[in-house]
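Here is the structure we will look at.
Residue numbers count from 1 along this sequence.
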Amino acid sequence: MRPFQLDWRGYHLRYDAEALRAHRNPLPPLERFQQPKAVLCQHARRGVAWLDAGGTYVTKDVYPIALPKRRGVEGAAVLVALLNSRVFSVLYHLLYRGIAIGGGYLHFLPVFLHEVPIPRIDGETAARLAEQVLALQEAPTAEAFEALDEDVMDQYGLTGEERDAVRTFADRCLGYDTALS
């Protein structure tokens, strides 16, 4: 999995809730997966997320999901924009350095994501961010990523100096110098 990209290799989950419950492996309700959501890479040096706009994929363990507060494709797309951004990854890295699993990789879990500050985003901005995310998933380019990343920094209200600090840390320490690889 790479930012804004998912290469599904045809793996399937056996979602037999009753049989798995008997083995003490209860599954969450299937409806949770059948809606627009952010699919995350659980172990990465930076936030890596993909928008499942159609609620198509049921995931477990390696690819946890995050459901947006604002339901629908637009809300999930905004969440994906934030999760893939430099500013989000820098904040997550600084807050959760203690859950590093080695080699600079962090453990990205929804239980921790709710602690990272996210900006309030109005409807017009949400629509613009969603459009950018959908375009990036269709045709990922470094230029489109940089434009979206700048837009996210705008939402956080970062000054020029703060943006430079975030870019420098993210590029040097988190691998954003190769944003889409």
Indicate the atoms forming the closest heavy-atom contact of P36 with A53, along with that distance.
CG-O, 3.3 Å

Write down the atom of V133, the atom of A81, and the distance for their closest heavy-atom approach.
CG2-CB, 3.6 Å

When you look at L40 and L113, which way does the side chain to side chain contact (heavy atoms under 4.5 Å, CB included) test go after all the steps?
CA-CA 11 Å; L40 297 119; L113 296 176; 4.0 Å; yes

Stepwise salt bridge (Lys or Arg N to Asp or Glu O under 4.0 Å) check, R163 with D154
CA-CA 9 Å; R163 289 169 192 252; D154 288 344; 2.5 Å; yes

Rounded at 0.5 Å granularity, tell me how far CD in E146 sits from CZ in R167.
7.5 Å

d(F88 CZ, L91 CG) to nearest 0.5 Å is 8.0 Å

What closest approach, in Å, do N84 and G47 show between heavy atoms, and which atom pair accounts for it?
OD1-O, 3.5 Å

Check R32 against K37 and note the closest heavy-atom contact, atom names and distance.
O-CD, 4.5 Å

Tell me whether the rings of W50 and Y57 are parallel (<30°), tilted (30 to 60°) or perpendicular (>60°).
perpendicular

Is the NZ or CZ atom of R46 both under 6.0 Å from the centre of the six-membered ring of Y176 and within 45° of that ring's axis?
yes

So, do D151 and R128 sit near enough that their side-chain heavy atoms are less than 4.5 Å apart?
yes

Atom pair CD (E74) and OG1 (T125), whose distance is rounded to the nearest 0.5 Å:
10.0 Å

Nearest-0.5 Å distance that lies between atom OH in Y105 and atom CZ in R45
6.5 Å

Given 3.5 Å as the limit, does a donor-acceptor pair link the side chain of T168 with the main chain of D164, or not?
yes

Under 3.5 Å: donor-acceptor pair, side chain of S85, backbone of D149:
no

Between the main-chain N or O of L134 and the side-chain N or O of Q137, is there a donor-acceptor pair closer than 3.5 Å?
no

With side chains defined as the heavy atoms from C-beta onward, is the minimum distance between Y156 and I118 less than 4.5 Å?
yes

Exercise: identify the closest heavy-atom pair between F169 and V90:
CD2-CG2, 3.6 Å

To the nearest 0.5 Å, tell me how far F4 CZ sits from Q132 CD.
9.0 Å

Would you call E150 and R86 a salt bridge, using N to O less than 4.0 angstrom?
no

Closest non-hydrogen atom pair, L83 against S89:
O-OG, 4.2 Å

